[in-house]
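The structure under discussion appears below in the form of structure tokens.
Both ligands and their constituent atoms are indexed starting at 1 by order of listing. Atom set for the values below is all heavy atoms of this structure, side chains included, hydrogens, waters and symmetry mates excluded.
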Amino acid sequence: MTGTAEISMIVAFGTDMGNAEDAAMTFAESVAPLGIQAEAIELNQVEVAELQSVTHFIAVVSTFGEGDFPDSATLFWEALESSTERLENLSFSVLALGDSSYEFFCNAGKLLDAKLEQLGATRIVDRVDVDGFYEQPAKAWTADVVKILTAERGATAPAEAVAAPAPGRERHEEFEAALVVNRLLTAAESDKEVRHYEVDLAGSGITYQAGDSLAVHATNDPALVALILTELGVGPDHLVPDHDEPLGVLLSERLEIRTPSRALQDVAGPAAYGEDVLDLIKRAGLKTEDVLDTLRPLGFRDYSIASSPLVHPERIHLTVASVRYPGAGRDHRGVASTFLADRADRIRVHLRPNHNFRLPAPDVPIIMIGPGTGIAPFRAFLQEREATAAAGRAWLFFGDRRRATDYLYGEELDGFLDSGALTRLDLAFSRDQDAKVYVQHRMSENAEELFSWLADGAYVYVCGDADRMAKDVDATLHEVVARGGGMDADAAHTYVNDLVKSHRYVRDVY
Ligand SMILES: Cc1cc2nc3c(=O)[nH]c(=O)nc-3n(C[C@H](O)[C@H](O)[C@H](O)COP(=O)(O)OP(=O)(O)OC[C@H]3O[C@@H](n4cnc5c(N)ncnc54)[C@H](O)[C@@H]3O)c2cc1C
Ligand SMILES: Cc1cc2nc3c(=O)[nH]c(=O)nc-3n(C[C@H](O)[C@H](O)[C@H](O)COP(=O)(O)O)c2cc1C
């Protein structure tokens with residue numbers, strides 16, 4: 001937070017997967033030629049009172065969960081939301097990252113922008129809401145803000161207003177890798193299908209760390225492409241205005257044809273849960289020209305890496321639940337999960353580093369809560385701790401439906417217990433008895449001991465389902481701290497907030 005006599009600036013970000021951080025860093029680099037030395041920091045590191053002592057506040061924030069602030073911004077938002085301190089002397093701009101296929105598009109950015117205005121701060125430029133790919137819109141927004149700051153300072157605009165990313169910070173290049181293992185983890189009788197994959201990194205130059213994710217660029221299901229073409233009454237070679245490639249290629253490789261976009265729903269009416277693009281085309285009787293411009297680019301899907309590079313330097317392991325469900329008399333299949341399961345041989349991937357989801361020093365205890373595919377990064381952590389003979393204790397909470405069919409990596413987990421990499425394993429199989437038992441129940445049963453681990457400095461990691469699990473686990477963690485630590489609800493809230501702020505409570509949830 002330093003600057004010239006005229007400008008003192010805070011540049012801050014709220015991020016889940018690093019996009020907002022990247023955009024904020026690019027912004028901070030871009031104002032350096034103006035003599036403004038601003039380092040991009042997490043919103044949680046910003047005290048609301050500081051906003052009264054600086055002249056400019058630049059925030060890049062993504063939206064997460066169901067319209068929520070990402071974890072790295074929740075504490076800041078909690079403080080700002082209830083603040084009534086006037087900010088008349090503050091100029092600000094908000095870049096909101098999001099995805100319009102979610103109901104609460106860019107909600108966190110919208111809330112932040114509105115609150116700053118309400119407190120009397122002045123916009124430098126209007127909020128920009130980014131739908132999906134953020135690099136270009138972030139550059140344009142940065143250039144707009146820099147232009148105004150330059151004019152404010154009466155300086156001449158720097159020749160290159162937007163700095164290139166610093167070395168070592170570029171997003172990883174895409175790489176075409178061989179998928180060398182595709183193995184069913186769940187038993188054939190399970191009502192789920194979860195698979196273990198291994199991606200060969202040889203020749204890629206990719207080096208990863210336990211805690212990172214891998215982005216998988218899939219192509220669409222040829223059966224679904226064929227059904228859409230039939231419904232539209234055209235062949236795969238059909239050419240459409242403004243596109244170099246024929247419709248078959250666009251539908252197979254370029255466009256999202258599973259999850260209906262907002263624009264398509266504006267034309268065809270709202271999609272019910274699980275309905276795909278074909279369901280909407282059929283219902284509204286749409287033609288190619290009605291549909292094509294509403295479709296979004298086909299995005300990659302992220303998967304938490306399930307291996308440690310110390311044990312598997314040349315391979316990345318993944319743990320993926322195949323999305324398959326019936327609807328309208330046909331199978332509906334998730335784009336990337338069933339591409340991997342049914343068709344992939346070579347796959348385009350790129351690494352998604354997750355700097356916040358890292359093991360602490362080897363002697364620090366860790367608590368891992370990862371039911372279902374949430375087990376993935378913890379398998380990586382345990383491989384790493386075993387390989388390094390780390391002294392720190394490790395406690396894993398795992399759960400799924402049934403032990404007989406869904407105990408993912410069960411034998412390996414028993415092996416980690418034997419080797420001492422895992423100190424405690426608590427299992428919750430929800431359907432093995434009449435009453436449903438989930439990981440949060442196991443946490444609650446062990447409140448005192450869990451709290452004693454926290455008091456010893458343990459880190460808490462949560463991975464897996466964001467909709468229900470992560471919320472229930474969060475509520476239970478507060479309860480555990482209150483009960484185990486003998487605190488009232490307010491004190492427990494502050495305690496957990498301190499864990500978030502010091503990166504001792506981190507989540508990789510989706
Ligand atoms: C950081 C991160 C890490 C992740 N790690 C993992 C991981 O380790 N393992 C893993 O399996 N996934 C993981 N995911 C989720 C993964 O990225 C994909 O979202 C998931 O595999 C589905 O992608 P898809 O392309 O197969 O399905 P899509 O084509 O994207 O379809 C998914 C959509 O189908 C619909 N749907 C799904 N099931 C049903 C149903 N039963 N009934 C009706 N509709 C339904 C829902 O609308 C859902 O949004 C992670 C996500 C993130 C962001
Ligand atoms: C689990 C999850 C939930 C999301 N929820 C929303 C949402 O409610 N609204 C929205 O606009 N975008 C949502 N997004 C999209 C992200 O905001 C978008 O991908 C953004 O670029 C991520 O930036 P980040 O890497 O800085 O977190 C969600 C993404 C994920 C993975």
Report summary line: Lining ligand 1 at under 4.0 Å, by non-hydrogen atom distance, are residues Met17, Arg258, Tyr273, Gly274, Arg301, Asp302, Tyr303, Ser304, Thr319, Val320, Ala321, Val323, Tyr325, Gly334, Val335, Ala336, Ser337, Thr373, Asp508, Tyr510

Report task. May I ask whether Phe104 has any heavy atom positioned less than 4.0 angstrom from an atom of ligand 2? Result -> yes

Query raised in the report: Going by heavy atoms, is Gly18 under 4.0 Å from ligand 2?
Result: yes

Query raised in the report: Does a salt bridge link Asp99 with Arg262, judged by any charged N lying under 4.0 Å from a carboxylate O?
Result: no

Report task. Could you label the plane-to-plane angle of the Phe300 and His217 rings as parallel, tilted or perpendicular, counting under 30° as parallel and over 60° as perpendicular? Result -> tilted

Query raised in the report: Any idea which part of Ala466 is under 4.0 Å from ligand 2, heavy-atom wise: side chain, backbone, both or neither?
Result: neither

Query raised in the report: Is any side-chain heavy atom of Tyr409 closer than 4.5 Å to a side-chain heavy atom of Leu185?
Result: yes

Query raised in the report: Between Asp400, Thr405, Thr373, which is the residue that forms a side chain to side chain donor-acceptor pair (under 3.5 Å) with Lys192?
Result: Asp400

Query - Test item, Cys106 contacting ligand 2 (heavy atom, 4.0 angstrom) - result: yes

**Report entry** Enumerated ligand 2 atoms positioned under 4.0 Å from heavy atoms of Met17
**Finding:** 24 (P), 25 (O), 27 (O)

Query raised in the report: Do Asp191 and Arg402 come close enough that some side-chain heavy atom pair is under 4.5 Å?
Result: yes

Query raised in the report: Going through the checks in order, is the salt bridge (charged side-chain N to carboxylate O under 4.0 Å, His left out) test met by Glu176 and Arg348?
Result: CA-CA 4 Å; Glu176 193 181 276; Arg348 272 193 310 129; over 6 Å; no

Query raised in the report: Which option, Phe64, Tyr102, Tyr134, owns the non-hydrogen atom nearest atom 29 (C) of ligand 2?
Result: Tyr102

Query raised in the report: Atoms of ligand 2 less than 4.0 Å from Asp16 heavy atoms?
Result: 24 (P), 26 (O), 27 (O)

Query raised in the report: Aromatic rings Phe429 and Phe398: how do their planes relate, parallel, tilted or perpendicular, breaks at 30° and 60°?
Result: perpendicular

Query - Backbone or side-chain N or O of Gly67 under 3.5 Å from ligand 2 N or O - result: yes

Query raised in the report: Can you tell me if Tyr325 uses its side chain to pair, donor with acceptor, with the backbone of Gly274 under 3.5 Å?
Result: yes

Query raised in the report: Looking only at N/O atoms, are Glu21 and ligand 2 under 3.5 Å apart anywhere?
Result: no

Requested in this report: Any atoms of ligand 2 less than 4.0 Å from a non-hydrogen atom of Tyr510? List them with their elements.
Outcome: 1 (C)

Query - Nitrogen or oxygen of Asn107 less than 3.5 angstrom from that of ligand 2 - result: no

Query raised in the report: Within the distance-only criterion (no hydrogens, no angle test), does the side chain of Gln440 pair as donor or acceptor with the backbone N or O of Thr476 below 3.5 angstrom?
Result: no

Query raised in the report: What part of Phe105, side chain, backbone, both or neither, has a heavy atom within less than 4.0 angstrom of ligand 2?
Result: both

Report task. Only counting residues at least two apart or in another chain, list the ones meeting side chain to side chain contact (heavy atoms under 4.5 Å, CB included) with Val125. Result -> Ser93, Trp141, Asp144, Val145, Ile148

Query - Polar contact flag for Glu66 and ligand 2 (N/O pairs, less than 3.5 Å) - result: no

Requested in this report: With Phe381 as reference, evaluate Trp395, Tyr461, Tyr459 under the ring pair (Phe, Tyr, Trp, His ring centres under 6.0 Å) test and give the passing residue.
Outcome: Tyr461

Query raised in the report: For ligand 2, which atoms, with element, lie under 4.0 Å from some heavy atom of Thr15?
Result: 24 (P), 25 (O), 26 (O), 27 (O)

Query - Shortest non-hydrogen separation from Phe69 to Phe64 and the atoms involved - result: O-CD2, 4.1 Å

Report summary line: Rounded to the nearest 0.5 Å, the CD1 atom of Ile41 sits from the CZ atom of Phe76 at a distance of 9.5 Å

